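Below is one structure, written out as structure tokens; the observations come after it.
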Amino acid sequence: MRKIIIDTDTGSDDAVALMMALKSPEVDVLAITTVCGNVPLELATKNALMTIEVTNAQKPPIYVGAAKPLMRNLVTAVNVHGEDGMGDVNLIHPTINPEPGHAVDMILDLVEKNPEEIEIVTIGPVTNIALAILKAPETMKKVKRIHSMGTAGFGPGNTTPVAEFNVYVDAEAYSIMMKSGVPISIIGFDICLGEAAWNREDMEFLTASQKKEAVFAVQCNRSLLAYNLQASGGHFVDLPDAVAMGAVLWDDIVLEDKLCYCYVCTAEEATYGQVIINDGSKLAISDGFGDNPPNATVCKTIDNQLFKKRLLEILVR
């Protein structure tokens, strides 16, 4: 069985991704580590604990990680996910607690005990991962692969015109991860929209199932639904972290991916958080950029219908 660690800034789409992994027979979730991002660290931890308590499946330990980005002030997404990150509908208050010990130390300990076996799934800013790399780079080179929901992929950003939220919160950390030499797979924001999103019928199906996890998944995304209705008039819930988790759990939904060189912009404010992705296309004037070797496998397309079918099935199971 595959061994994974999930690093999360638990907002509403993170909660869906967590439930997918916890209910999946394909993976053994060794630990969940929390980081600031969608919401401050305390809420990210509470929301992860809440999700574990609701989910009738694996109950991995939770470890608390970084409360702020490496070099910048925290930017949250409470305007999207609600002040509590879970739809502001007063969901359950968890009775379980996180484990003692810092998330970074627990990541390093698990990797040392399971060399070349651990896959880390990052569905938030990668501050914890960067701190682990800085603290013990040789240990982190024993990670089998990092799967990152991050970057805008080959499309526009969702936080600035060029930057995706998870990178924008801590681009310095993302740059450290991309330069680490650890095998990395990237699932960008560009593949998480359109038919991969829940529509009205999907949410009605989940609610009608009366399954605890399915109803919880809809309820915690109420603020995201309201945000999308106001922003575009669309009755949909986009779930980037769930799409990324789907690509990890069910590799047959990935129709096309490509080895690429990814460069993280950390200096210029207008492009802060942008990840420039070169898929090997010939450049007229590369200035050396096109000569860099690939440092990530970037997902380009997925089977949206198969992904959503499996997601709905696992939530009502």
Side-chain angles (χ1 to χ4, degrees), residues 1-35 38 44-65 85-86 91-114 116-124 128-129 143-149 185 187 206 209 211-221 239-251 253 307 310-317:
M1 185 179 293
R2 295 166 64 190
K3 299 177 181 180
I4 70 171
I5 297 169
I6 305 173
D7 192 61
T8 175
D9 61 339
T10 327
S12 57
D13 63 322
D14 299 70
V16 177
L18 289 175
M19 288 191 287
M20 291 167 63
L22 296 173
K23 291 170 68 68
S24 173
E26 290 91 352
V27 296
D28 180 11
V29 183
L30 299 185
I32 294 171
T33 53
T34 60
V35 67
N38 280 324
T45 303
K46 177 183 178 181
N47 295 342
L49 292 166
M50 183 192 309
T51 305
I52 284 184
E53 193 162 317
V54 166
T55 308
N56 184 26
Q58 300 180 57
K59 305 290 185 184
I62 290 184
Y63 298 97
V64 180
M86 298 288 275
L91 294 169
I92 73 161
H93 301 280
T95 59
I96 56 177
N97 296 304
E99 298 294 321
H102 196 279
V104 170
D105 295 325
M106 294 306 107
I107 290 170
L108 293 171
D109 183 60
L110 286 168
V111 172
E112 281 288 2
K113 291 177 178 176
N114 302 273
E116 314 301 333
E117 294 186 75
I118 298 287
E119 298 174 70
I120 301 176
V121 184
T122 70
I123 51 176
N128 288 334
I129 308 307
V143 171
K144 183 177 181 180
R145 181 167 289 272
I146 296 172
H147 305 270
S148 167
M149 191 288 115
S185 293
I187 302 92
L206 291 169
S209 75
K211 296 289 185 177
K212 181 171 61 175
E213 294 100 329
V215 174
F216 177 83
V218 174
Q219 289 178 329
C220 73
N221 278 289
L239 300 161
D241 294 332
V243 173
M245 187 63 74
V248 174
L249 299 176
W250 312 309
D251 58 5
I253 74 168
F307 158 71
R310 289 185 178 164
L311 171 56
L312 296 175
E313 286 174 348
I314 203 167
L315 288 176
V316 301
R317 189 163 65 200

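All values reported here derive from a predicted model rather than from experimental measurement.
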### Query
Going through the distances and angles, do Asp14 and Asn47 end up as a side chain to side chain donor-acceptor pair (under 3.5 Å)?
CA-CA 9 Å; Asp14 299 70; Asn47 295 342; over 6 Å; no

### Message
According to salt bridge (charged side-chain N to carboxylate O under 4.0 Å, His left out), does anything in residues 92-113 pair up with another residue at least two apart or in another chain? List the pairs.
### Response
Asp105-Lys135, Asp109-Lys113, Glu112-Lys142

### Message
Can you give me the closest heavy-atom contact between Thr34 and Asp7, atom names plus distance?
### Response
N-OD1, 4.4 Å

### Ala57 backbone acceptor or donor facing Thr55 side chain under 3.5 Å
no

### Message
Quick check for you: to the nearest 0.5 Å, what is the distance between Ser209 atom OG and Leu312 atom CG?
### Response
9.5 Å

### Message
Is there a side-chain contact between Thr122 and Val35 in this structure, where contact means two heavy atoms from C-beta onward sitting under 4.5 Å apart?
### Response
no

### Message
Would the distance check show the side chain of Lys59 and the main-chain N or O of Ile52 forming a donor-acceptor pair, the cut-off being under 3.5 Å?
### Response
yes

### Message
Is there a side-chain contact between Ile107 and Ile129 in this structure, where contact means two heavy atoms from C-beta onward sitting under 4.5 Å apart?
### Response
yes

### Query
Roughly how far, to the nearest 0.5 Å, is the CG atom of Leu30 from the CG atom of Leu110?
5.5 Å

### Query
Just by distance, do the side chain of Glu53 and the backbone of Thr95 share a donor-acceptor pair under 3.5 Å?
yes

### Query
Are the side chains of Phe216 and Thr51 in touch, meaning some heavy atoms are under 4.5 Å apart?
yes

In residues 239-246, what donor-acceptor pairs under 3.5 Å come from side-chain atoms, sequence neighbours left out?
none

### Task
Give a yes or no on whether the backbone of Ile314 and the side-chain of Glu213 come within a donor-acceptor separation of less than 3.5 Å.
no

